[in-house]
Amino acid sequence: MADTSATREIFVTGLKNAHAMENQALSIMKPQVSRIENYPEVARRLEEHIRETEGQIARLEELLQQLDESHSSMKDMALSFTGAMAAMGHTMAGDEILKNSFANFAFENFEIAAYKSLLTVAELGGFPFATSALQTNLQEEQNMARWLDDNLRTVTMRFANLREAGESAKV
Ligand SMILES: [Fe+2]
């Protein structure tokens, strides 16, 4: 590569952003799980993905250490996109479970794009040690996005059925 140091900087910044992104993911998913009562399969999958996300954060921290960059040296920046997503979690409206399903699907696809981009930078910059960890994270995001996609019809039908049955707006 013509300028390895510039590519290295892009890579390190990208890893730090991914670290912030995953922490944001935790702060979005954890409150959701705690509120769910009527959608146990959604709660179960979210709990599983929270554990996966904690593993992803550990992988990113390990990569940053290998690059002699401490993740704590730089405070995680809140991404405007994720902030907007978090703000979408309206708890007042009765269709919270649907809005969260849309937001989670959007967020997982954002993460997928981030890891695909990081894999490209790793390739360009010659950081083959990072490929396996980034592939693992990408795979987990793709699995989660697919699950949300597959589950959207089920969630919507359950939401409608509960409403028909006169259930309250509980999540
Ligand atoms: Fe994710």
Side-chain angles (χ1 to χ4, degrees), residues 13-63 71-72 74-120 132-171:
T13 303
L15 290 171
K16 286 178 176 176
N17 285 339
H19 189 270
M21 171 184 80
E22 296 300 355
N23 273 320
Q24 188 77 42
L26 288 180
S27 73
I28 290 168
M29 288 188 288
K30 283 178 174 175
Q32 284 184 15
V33 168
S34 69
R35 288 177 53 80
I36 292 176
E37 290 177 39
N38 285 322
Y39 303 84
E41 62 293 326
V42 176
R44 217 174 301 123
R45 187 62 180 94
L46 280 171
E47 271 162 13
E48 189 186 347
H49 198 55
I50 285 169
R51 284 193 299 277
E52 287 174 340
T53 302
E54 285 162 351
Q56 292 167 1
I57 289 170
R59 275 180 218 116
L60 291 167
E61 289 176 358
E62 203 172 308
L63 291 181
H71 70 279
S72 57
M74 190 181 135
K75 212 165 177 263
D76 280 351
M77 286 184 300
L79 305 173
S80 56
F81 174 84
T82 60
M85 286 290 113
M88 273 172 64
H90 292 301
T91 55
M92 303 292 279
D95 56 352
E96 181 180 346
I97 190 74
L98 296 184
K99 282 179 180 153
N100 285 345
S101 298
F102 309 158
N104 291 346
F105 183 71
F107 198 92
E108 293 306 325
N109 280 283
F110 182 90
E111 292 179 312
I112 287 167
Y115 286 119
K116 283 184 174 175
S117 175
L118 273 171
L119 279 159
T120 303
S132 152
L134 293 173
Q135 285 283 8
T136 302
N137 285 15
L138 173 63
Q139 191 65 57
E140 287 173 349
E141 308 304 15
Q142 286 173 328
N143 290 344
M144 185 60 177
R146 196 170 305 118
W147 188 88
L148 290 164
D149 193 5
D150 291 345
N151 197 55
L152 187 57
R153 183 176 167 82
T154 307
V155 167
T156 304
M157 286 171 71
R158 178 154 177 76
F159 174 76
N161 286 339
L162 286 169
R163 276 301 174 81
E164 288 288 341
E167 270 282 322
S168 71
K170 266 191 300 185
V171 188

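Everything numeric in this text was worked out from a predicted model, so none of it was measured.
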- request: Could you check if a side-chain atom of E48 sits within less than 4.5 angstrom of a side-chain atom of E140, using non-hydrogen atoms only?
  value: no

Donor-acceptor pair, side chain of S117 and main chain of A113, under 3.5 angstrom: no

message: Whether E22 and R59 form a salt bridge (side-chain N of Lys/Arg under 4.0 Å from carboxylate O of Asp/Glu) is what I want to check.
response: no

Any L134 side-chain heavy atom under 4.5 Å of L63 side chain: yes

- request: Would you check if I28 and N104 make a side-chain contact, meaning some heavy-atom pair closer than 4.5 Å?
  value: yes

task: To the nearest 0.5 angstrom, please state how far the OH atom of Y39 sits from the CD atom of Q32.
output: 13.0 Å

query: If you round to the nearest 0.5 Å, how far is CZ of F159 from OG1 of T154?
result: 15.0 Å

field: SB check R51 E54 (cutoff 4.0 Å)
entry: no

field: Flag, side chain of S34 to backbone of P31, donor-acceptor distance under 3.5 Å
entry: yes

message: Contact between V171 and N38 at the side-chain level, heavy atoms closer than 4.5 Å - yes or no?
response: no

message: Could you tell me if the side chain of M144 sits less than 4.5 Å from the side chain of E111, heavy atoms only?
response: no

message: I want to check something: taking the side chain as every heavy atom from C-beta on, are W147 and V42 in contact at a cut-off of under 4.5 Å?
response: yes

message: Rounded at 0.5 Å granularity, tell me how far OG in S132 sits from CG in N137.
response: 9.5 Å

task: Enter the distance from D149:CG to Q142:CD here, rounded to the nearest 0.5 Å.
output: 12.5 Å

field: Euclidean distance, L46 CG relative to E52 CD, rounded to 0.5 Å
entry: 11.0 Å

- prompt: Measuring from T53:OG1 to Q24:CD, what's the distance to the nearest 0.5 Å?
  reply: 12.0 Å

